[in-house]
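Only one structure is covered here, and it is reproduced in the block below.
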Amino acid sequence: MGIVRVSASVSLDGFSAGPETSHEHPLGIGGERLHRWLFPDDGDRDVPAGGTGAVGDDAAVAARQYADTGAVVVGRLTYDIGVDLWGDVPFPVPTFVVTHRPHEPRAMMSATFTFVTDGVASAVAQARAAAGDRDVLVMGGAAISRQVIAADLADELLLTLVPVLLHRGERLLDHVGTGLTELERTEVVTTAQATHLRYRFLR
């Protein structure tokens with residue numbers, strides 16, 4: 001069975017999105033800078049599809065995540081803002097949307113969005129079943145990432161550290177829990193655009 005991986009690009013001051021996330025600014029104001037390593041020619045789109053624009057080791061990190069992912073979990077805001085930009089599911093695998101608003105499954109070109117109203121644990125369990133031997137990727141928003149970590153559902157954290165200070169926006173790891181959460185660093189990939197840090201959650 002695969003693992004559950006939380007993945008995000010963050011600024012040096014800990015923000016995974018700029019302020020005022022909206023359809024006009026899907027990654028918040030200035031947030032597109034966090035994904036220049038992945039889309040150097042199109043920094044306004046955070047769409048991890050087959051070809052990105054990343055090069056060298058950045059491209060290798062993206063390709064590995066693409067190959068390893070068998071299902072995706074996102075929050076409702078990420079879905080609402082992202083679906084028209086993607087024109088599909090974010091990866092060509094079943095995608096589970098954690099939401100308080102019921103919605104019929106939405107079939108797309110590559111796979112289906114399933115809307116889960118009974119909590120993040122249920123969404124992750126359904127994603128695990130759909131992923132089979134591949135991994136579950138939690139992506140697209142700080143809130144859903146924090147929920148998965150706080151519920152002790154994450155096995156790995158892939159943190160892409162980008163050399164920029166946003167100064168404001170949405171912090172990825174604020175208020176995740178009350179005690180210590182120990183992690184072990186298992187990989188570091190350094191490029192001119194970013195430092196990709198892979199951690200395993202210790203239990």
Side-chain angles (χ1 to χ4, degrees), residues 5-11 15-55 58-59 61-117 120 123 127 130-131 135-148 158-160 162 164 166 168-172 193-194 196:
R5 177 182 301 105
V6 173
S7 179
S9 297
V10 298
S11 63
F15 294 101
S16 59
E20 301 179 36
T21 302
S22 65
H23 288 280
E24 183 180 0
H25 300 287
L27 300 171
I29 296 172
E32 68 279 354
R33 173 63 182 86
L34 299 176
H35 300 272
R36 190 180 297 170
W37 69 272
L38 186 59
F39 297 101
D41 297 323
D42 190 4
D44 291 330
R45 298 176 63 235
D46 184 15
V47 189
T52 65
V55 296
D58 290 319
V61 170
R64 176 180 172 186
Q65 179 145 275
Y66 188 84
D68 288 347
T69 298
V72 171
V73 174
V74 299
R76 183 60 188 250
L77 180 60
T78 294
Y79 166 81
D80 286 342
I81 290 177
V83 64
D84 290 337
L85 291 172
W86 300 323
D88 199 353
V89 286
F91 282 63
V93 295
T95 299
F96 297 84
V97 182
V98 181
T99 180
H100 296 296
R101 291 175 280 157
H103 195 296
E104 290 298 314
R106 182 175 177 180
M108 305 298 285
M109 179 174 61
S110 301
T112 297
F113 286 107
T114 299
F115 298 84
V116 182
T117 58
V120 68
D135 297 341
V136 173
L137 176 65
V138 181
M139 58 157 281
I144 191 68
S145 297
R146 288 195 295 264
Q147 288 178 50
V148 169
L158 178 56
L159 202 63
T160 294
V162 179
V164 65
L166 289 188
R168 58 194 184 122
E170 182 79 9
R171 290 187 188 275
L172 178 66
Q193 294 293 331
H196 306 277

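One-based numbering along the sequence shown. Note: hydrogens, waters and symmetry copies are ignored here, and every other heavy atom, side chains too, is used.
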Ring pair (Phe, Tyr, Trp, His ring centres under 6.0 Å) involving F115 - partner list, sequence neighbours excluded: Y79, H103
Min side-chain heavy-atom separation T117-T99 under 4.5 Å: yes
Distance in Å, D135 CG paired with R64 CZ, rounded so as to fall on 0.5 Å steps: 9.0 Å
Pairwise distance CD(E20) to CD1(I29) - rounded to 0.5 angstrom: 4.0 Å
For A8 against L172, the heavy-atom pair lying closest together: CB-CD2, 3.8 Å
Partners meeting side chain to side chain contact (heavy atoms under 4.5 Å, CB included) with S11 (sequence neighbours left out): D13, F15, L34, V164, L166
Sub-4.5 Å side-chain heavy-atom contact between V74 and I144: no
Salt bridge (charged side-chain N to carboxylate O under 4.0 Å, His left out): pairs with one or both residues in residues 94-114, sequence neighbours excluded: D80-R101
T78: side chain to side chain donor-acceptor pair (under 3.5 Å) partners, not counting sequence neighbours: none
Heavy-atom check, side chain of T114 versus side chain of P94, under 4.5 Å: no
pair V55-P40: side-chain heavy atoms closer than 4.5 Å: no
Separation between CD of Q193 and OG1 of T160, rounded to the nearest 0.5 Å: 12.0 Å
Heavy-atom pair with the smallest gap, counting every atom of A123 and V73: O-CG2, 4.1 Å
Closest contact, heavy atoms only, Y66 versus P92: OH-CG, 3.3 Å
Non-hydrogen side-chain atoms of V162 and H35 separated by less than 4.5 Å: no
Between W37 and S9, a side-chain donor and acceptor under 3.5 Å: yes
Minimum heavy-atom distance between P26 and L85, given as atom pair plus value: CG-CD1, 3.5 Å
Contact summary for E32 and L27, nearest pair of heavy atoms: CA-CD1, 3.7 Å
Residues in side chain to side chain contact (heavy atoms under 4.5 Å, CB included) contact with T69, at least two apart in sequence or another chain: Q65, V72, F91, V93, L137
Nearest heavy-atom neighbours spanning F113 and D88: CZ-O, 3.7 Å
Partners passing salt bridge (Lys or Arg N to Asp or Glu O under 4.0 Å) against R146 (at least two apart in sequence or in another chain): E170
